2 protein chains.
Amino acid sequence: MKEGPDISQIGALIGDPARANMLTALMGGEALTASELAGAAGVTLPTTSAHLAKLEAGGLIAQRKQGRHRYFALADDEAGRLLESIMGYAANRGHLRTRPGPKDPALRKARVCYNHLAGDYGVRLLDRLVADGDVTLDGDEAAVTPAGEMRMAALGIDMPALKAQRRPVCRTCLDWSERRSHLAGSLGEALLARFIATGWAKREKNSRAVRFTGEGEREFMALFP
Amino acid sequence: MKEGPDISQIGALIGDPARANMLTALMGGEALTASELAGAAGVTLPTTSAHLAKLEAGGLIAQRKQGRHRYFALADDEAGRLLESIMGYAANRGHLRTRPGPKDPALRKARVCYNHLAGDYGVRLLDRLVADGDVTLDGDEAAVTPAGEMRMAALGIDMPALKAQRRPVCRTCLDWSERRSHLAGSLGEALLARFIATGWAKREKNSRAVRFTGEGEREFMALFP
DNA sequence: CGAATGCTTCGTCTATCATCGAAGTATGAA
DNA sequence: TTCATACTTCGATGATAGACGAAGCATTCG
């Protein structure tokens with residue numbers, strides 16, 4: 001008697017190299033066009049189109065029409081978390097797409113995980129918030145304390161706006177390089193956006209890497225030592 | 001430029017329905033023979049043999065020869081956690097192998113997750129330990145406090161023996177039915193073994209379900225309300 | 001209203017791989 | 001040593017689905 005969820009459908013979706021490349025590209029958080037994804041996956045446009053249709057049918061990605069462009073992005077945070085957790089397993093087993101290159105340390109230091117900050121800096125951020133009593137963890141759920149809300153407001157985060165949304169403000173996400181959790185959810189997204197808006201950090205072109213400026217690094221380290 | 005781990009190999013391994021069925025069967029925690037797995041997957045022995053070779057090459061399972069039998073089991077806790085997290089995603093998307101049947105409530109209440117307790121009871125257990133200050137969480141890492149060690153000793157768990165092993169004593173594992181974490185690691189394994197040894201709970205035949213006896217349920221609820 | 005861009009659909013081809021029956025190997029029992 | 005059990009390997013087959021070129025829609029720009 002069969003019981004439990006069917007993992008083979010999702011496995012099959014992720015199991016094709018072209019699709020895996022597309023999903024990995026989308027882990028950068030940006031919505032990409034079919035042409036860009038074709039380039040990332042190394043296949044032609046018709047092939048890409050077929051793959052995207054399957055990924056969408058499987059609920060892993062969603063598309064947004066905008067004029068003659070169609071932008072594709074991961075369907076939601078949960079899809080991002082799923083991919084990050086599989087990446088974690090793959091990385092620990094040495095299933096790397098290329099041998100670790102010069103970019104690797106930068107990725108491990110700070111990178112985008114769908115829409116929030118990951119890597120050493122991402123883990124450090126959550127650690128500090130928990131240690132200071134700004135965020136409480138309970139399993140993989142997380143919550144912001146009143147003290148944490150004030151701290152976020154001081155950083156320029158509009159907490160009431162985040163709480164008004166239906167999506168979870170605070171979640172944790174398993175980091176593939178650090179093997180520990182970092183902060184996801186709408187707050188995680190807002191914080192990364194804030195770091196970039198204030199010029200503390202910049203996104204590398206065509207990469208998940210996030211580069212902190214000299215000043216940004218000092219400020220970040222002062223806030224989250 | 002490609003960067004990051006390669007998730008397609010793992011996806012492909014899980015993506016075949018026969019292999020997914022075998023892995024799901026192995027999530028029961030017991031080591032199974034090739035014949036048993038053939039039955040679970042619904043394929044013949046030669047096919048099973050080929051699949052098992054691939055799963056072993058991919059590092060998801062390990063085999064142990066014992067006389068003329070070969071027992072297959074999940075390679076380690078990490079493989080179990082990976083599968084449970086994918087199951088969580090699949091369950092939330094309605095990717096079920098069969099429509100939820102009469103067994104489903106029992107599975108959600110208490111079941112085996114590789115080698116530890118999952119479901120409502122598993123989540124409840126960890127919640128209680130954290131609330132009582134017996135276990136501390138830090139991301140997905142977890143640790144037992146001195147108070148927790150005493151409590152475990154009172155339950156008949158040989159903590160020094162667990163700590164002497166190389167494998168982590170305390171880990172968290174995302175529960176697919178509860179969407180929250182439960183206790184894994186060697187302590188999680190030891191606790192489930194203890195519940196069964198004391199007759200509080202029994203494993204259902206050919207199922208991941210764990211059935212608590214009347215007395216076991218009372219004791220468990222008294223300890224972890 | 002063309003023309004150009006961006007993507008999808010169609011048809012076809014090809015290669016991979018899951019599958020099985022039959023034969024082979026290894027271990028244990030008689 | 002011989003038979004039986006448990007599994008693997010081999011060889012052949014068939015189905016799936018990933019790939020592309022060409023043609024077809026849709027949208028925007030000149």
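Convention: sequence-line order gives letters A, B, ...; per-chain numbering from 1. These figures come from a predicted structure and were not determined experimentally.
One can place CD of A/Glu56 at 14 Å from P of C/dC7, the figure rounded to the nearest angstrom. Taking atom OH of residue A/Tyr71 and atom C1' of nucleotide C/dT5, one finds them 13 Å apart after rounding to whole Å. Distance B/Arg70 CZ to C/dT27 P: 8 Å, rounded to the nearest Å. One atom, CG of A/Asn21, and another, P of D/dA19, lie 10 Å apart when rounded to the nearest Å. Note: CZ (A/Phe72) to C1' (C/dG6) measures 11 Å, nearest angstrom. A/Leu52 places its CG atom 12 Å from the P atom of D/dA19, with the value rounded to the nearest Å. What separates CG of B/Leu55 from P of D/dT8 is a distance of 12 Å, to the nearest Å. Put simply, CZ on A/Arg64 is 17 Å from P on D/dT27, counting in whole angstrom units.
When every heavy atom of B/Cys173 is checked against every heavy atom of B/Arg81, the shortest pair comes out as SG-CG, 3.8 Å. Contact between A/Ala40 and A/Ala25 at its shortest, heavy atoms only, is CB-CB, 3.9 Å.
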Return the polar atom pairs (N/O with N/O) between nucleotides 16-24 of chain C and the protein under 3.5 Å, or none.
unit_1 : atom_1 : unit_2  : atom_2 : d
C/dA18 : OP1    : B/Arg19 : NH2    : 3.4
C/dA18 : OP2    : B/Lys54 : NZ     : 2.5
C/dT19 : OP2    : B/His51 : NE2    : 2.5
C/dC20 : OP2    : B/Thr44 : N      : 3.0
C/dC20 : OP2    : B/Thr44 : OG1    : 2.8
C/dC20 : OP2    : B/Thr47 : OG1    : 3.0

| Stepwise, does the side-chain contact (heavy atoms from CB on, under 4.5 Å) test hold for B/Met152 with B/Leu187? | CA-CA 9 Å; B/Met152 292 302 124; B/Leu187 178 57; 3.8 Å; yes
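With sequence neighbours excluded, no residue satisfies ring pair (Phe, Tyr, Trp, His ring centres under 6.0 Å) with A/Phe72.
Ranking C/dT8, C/dC7, D/dC7 by closeness to the A/Ser35 side chain, first place goes to C/dC7.
Within 4.0 Å of A/Thr33, counting heavy atoms only, lie sugar-phosphate atoms of the nucleic acid but no base atom.
Contact of the A/Gln9 side chain with the B/Arg93 side chain is not registered, since no non-hydrogen atoms from C-beta on lie closer than 4.5 Å.
Side-chain contact annotation: A/Thr33 with A/Glu36, donor-acceptor N/O pair under 3.5 Å present.
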